[in-house]
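Starting from 1, each residue takes its place in the sequence as its number. Predicted model only: the values in this text are computed from it and were never measured.
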Amino acid sequence: MALSEQSTVQEWLEDPIGGYLVRDLLRHIGRDETFLAPVHATPIQYLVPLSQGQLPQSVVDDLVRAYEEHRLAG
């Protein structure tokens, strides 16, 4: 199954490519995946409004774009 902005945080973390990308993002902000535990069932897109401006839409767009590039590169 391909990931999208509507895929849950958990789906992203469980996917080999998506999980790597999300964990890398978390490392850059000094967090680990436990930071996302309360929102595992939430589509990753919803992190934008939940973050109250701390996570811009461009970050989610970049995650989806990077995922697609890695997936297509095989």
I'd like to know if the side chain of Arg31 reaches the main chain of Leu25, judged simply by a donor and an acceptor atom lying under 3.5 Å from each other, with no hydrogens or angles considered. no
Answer with yes or no whether the hydrophobic clustering places Ile29 together with Leu13; edges join I, L, V, M, F, W, Y residues whose side-chain heavy atoms lie under 4.5 Å apart. yes
Between atom CG of Leu21 and atom CD of Glu69, what is the distance when rounded to the nearest 0.5 Å? 10.0 Å
On a heavy-atom basis, which atom in Ser7 and which in Ala2 lie closest, and how many Å separate them? OG-O, 4.2 Å
So OG of Ser58 and CG of Leu63: to nearest 0.5 Å the spacing works out to 10.0 Å
Closest non-hydrogen atoms of Ala66 and His70, given as atom of the first, atom of the second and distance, are O-ND1, 2.8 Å
So which atom in His40 and which in Glu33 form the shortest heavy-atom distance, rounded to 0.1 Å? NE2-O, 4.4 Å
Looking only at heavy atoms, which two atoms of Glu5 and Val60 are closest? And how far apart? CB-CG1, 4.1 Å
Would you call Asp15 and Val22 a side-chain contact if the rule is heavy atoms closer than 4.5 Å? no
Are any of the side-chain heavy atoms of Val39 and Leu36 separated by less than 4.5 Å? yes
Side chains of Tyr46 and Gln6: closer than 4.5 Å at any heavy-atom pair? yes
Donor-acceptor under 3.5 Å (Gln54 side chain, Ser51 main chain): no
Answer yes when Glu68 and Arg71 have at least one side-chain N-carboxylate O distance shorter than 4.0 Å, and no when they do not. yes
Atom pair CD/CG of Gln57 and Asp62 - distance to nearest 0.5 Å: 10.0 Å
Whether Trp12 side chain and Ile17 backbone form a donor-acceptor pair below 3.5 Å: no
